[in-house]
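Throughout, numbering of the chain's residues begins at 1 and tracks the sequence. Excluded from the calculations below are hydrogen atoms, water molecules and symmetry mates; all remaining heavy atoms, backbone and side chain alike, are included.
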Amino acid sequence: MPFNHELWNLGQQIEDKTLPHINKHYECQFEKNLNDIFDVLDFKDEINKKIVEIKGRRNRSDTYEDTMISSIKITEGMKQIDLGYRVFFVFVFTDKTMEIELKEDQEWKCRISGTNSILHYFIPVADLSEINIDD
């Protein structure tokens with residue numbers, strides 16, 4: 001499947017807008033992973049040992065029971081946990097921003113899905129916590 005530049009650009013805009021808020025929320029100074037556009041996880045703070053992956057959503061938080069994330073992000077997150085990092089997934093819905101910390105003992109449904117028909121995990125929105133984003 002060809003690379004979707006429009007969707008990637010939208011994701012970059014959401015990340016840029018959200019970054020100052022997550023720096024404040026996590027009390028970090030996140031650096032963007034700039035190796036290439038295919039970096040698995042978005043932001044890292046090496047001093048505070050935290051990593052954040054921001055996922056923009058084009059729907060409200062109550063539209064679906066679950067929100068999905070590709071299995072490669074879970075796999076990479078687990079590797080980073082083994083290296084001593086805390087890993088957070090931040091979902092920017094149209095009505096609110098929510099988070100979940102990745103833990104080694106979590107179990108989520110998974111199946112092949114999404115734009116590129118790859119393996120995704122389905123995280124219940126009910127398991128997410130709202131982040132107070134004050135503009």
Side-chain angles (χ1 to χ4, degrees):
M1 171 152 287
F3 184 73
N4 187 331
H5 288 281
E6 181 180 340
L7 193 57
W8 182 80
N9 285 330
L10 176 62
Q12 294 302 297
Q13 291 171 12
I14 291 169
E15 289 175 11
D16 291 345
K17 181 179 178 188
T18 307
L19 179 58
H21 302 291
I22 66 166
N23 277 332
K24 182 178 177 184
H25 177 74
Y26 293 107
E27 298 178 341
C28 288
Q29 193 59 43
F30 287 106
E31 297 287 331
K32 185 163 185 63
N33 288 326
L34 294 174
N35 293 333
D36 64 43
I37 61 174
F38 298 107
D39 274 324
V40 177
L41 300 172
D42 295 325
F43 299 98
K44 182 185 275 189
D45 181 319
E46 301 219 11
I47 294 170
N48 293 297
K49 304 290 274 187
K50 293 179 185 176
I51 294 174
V52 169
E53 169 68 16
I54 297 175
K55 301 304 296 175
R57 297 294 184 242
R58 294 180 284 183
N59 56 274
R60 291 177 46 85
S61 60
D62 58 2
T63 303
Y64 302 104
E65 182 178 312
D66 302 312
T67 189
M68 64 184 190
I69 192 160
S70 64
S71 62
I72 192 168
K73 294 188 183 297
I74 301 293
T75 301
E76 183 61 26
M78 291 297 182
K79 288 178 185 176
Q80 295 301 317
I81 289 171
D82 288 345
L83 295 173
Y85 285 88
R86 293 177 67 193
V87 178
F88 298 87
F89 297 126
V90 173
F91 298 93
V92 181
F93 295 97
T94 59
D95 62 328
K96 60 177 81 169
T97 300
M98 303 181 83
E99 70 174 343
I100 191 165
E101 183 172 0
L102 183 63
K103 300 284 187 175
E104 292 178 325
D105 62 348
Q106 288 161 320
E107 292 185 24
W108 296 313
K109 297 181 287 184
C110 85
R111 69 175 187 263
I112 294 173
S113 184
T115 305
N116 296 320
S117 297
I118 60 174
L119 190 63
H120 284 84
Y121 284 86
F122 289 77
I123 302 171
V125 174
D127 291 352
L128 304 178
S129 302
E130 187 172 356
I131 296 175
N132 184 15
I133 300 290
D134 39 5
D135 290 322

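Other residues, nucleotides and ligands contribute only 12 or fewer heavy atoms inside 6.0 Å of the CD1 atom of Ile72.
Interatomic distance, CD1 of Ile14 versus CZ of Phe93, reported as 11.5 Å (0.5 Å rounding). Atoms CD1 and NE2, from Ile69 and His120 in turn, are 8.5 Å apart once rounded to the nearest 0.5 Å. The CZ atom of Arg86 sits 10.0 Å away from the CD1 atom of Ile81 when rounded to the nearest 0.5 Å. The structure places SG of Cys28 at 12.5 Å from NZ of Lys44, a figure rounded to the nearest 0.5 Å. For the atom pair CZ of Arg57 and OG1 of Thr97, the computed distance is 12.0 Å after rounding to the nearest 0.5 Å. For the atom pair NZ of Lys96 and CG of Asn132, the computed distance is 11.5 Å after rounding to the nearest 0.5 Å.
Between Tyr26 and Lys50 the shortest heavy-atom distance is O-NZ, 3.0 Å. Taking all atoms of both residues into account, the shortest heavy-atom contact from Met68 to Phe91 is O-CE2, 4.2 Å.
Between the side chains of Tyr121 and Glu107, no donor-acceptor pair is found at a separation under 3.5 Å. The closest side-chain donor-acceptor pair between Arg58 and Thr94, if any, does not fall under 3.5 angstrom.
Applying side chain to side chain contact (heavy atoms under 4.5 Å, CB included) to Met98 and the options Val125, Ile131, Asp127 leaves one that passes, Val125.
The pair Asp95-Arg60 meets the salt-bridge criterion, with a side-chain N (NZ, NE, NH1 or NH2) lying under 4.0 Å from an Asp/Glu carboxylate O. Taking a cutoff of 4.0 Å between a charged side-chain nitrogen and a carboxylate oxygen, Glu101 and Lys103 qualify as a salt bridge. A salt bridge links Glu53 to Lys73: at least one charged side-chain nitrogen sits closer than 4.0 Å to a carboxylate oxygen.
The main-chain N or O of Ile54 is found under 3.5 Å from a side-chain atom of Asp42 such that the two form a donor-acceptor pair. Formation of a donor-acceptor pair under 3.5 Å by the Asp45 side chain with backbone atoms of Ile47 is found in this model. For Thr75 (side chain) and Ser71 (main-chain N/O), a donor-acceptor pair under 3.5 Å exists by modelled atom type.
Cluster partners of Tyr64: none. The rule joins Ile, Leu, Val, Met, Phe, Trp and Tyr whenever side-chain heavy atoms lie under 4.5 Å apart, and it links nothing here.
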Walk me through whether Glu104 and Met78 qualify under side-chain contact (heavy atoms from CB on, under 4.5 Å). CA-CA 7 Å; Glu104 292 178 325; Met78 291 297 182; 4.0 Å; yes
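In this structure, Lys32 is positioned above the aromatic face of Phe43, its NZ or CZ under 6.0 Å from the six-membered ring centre and within 45° of the axis.
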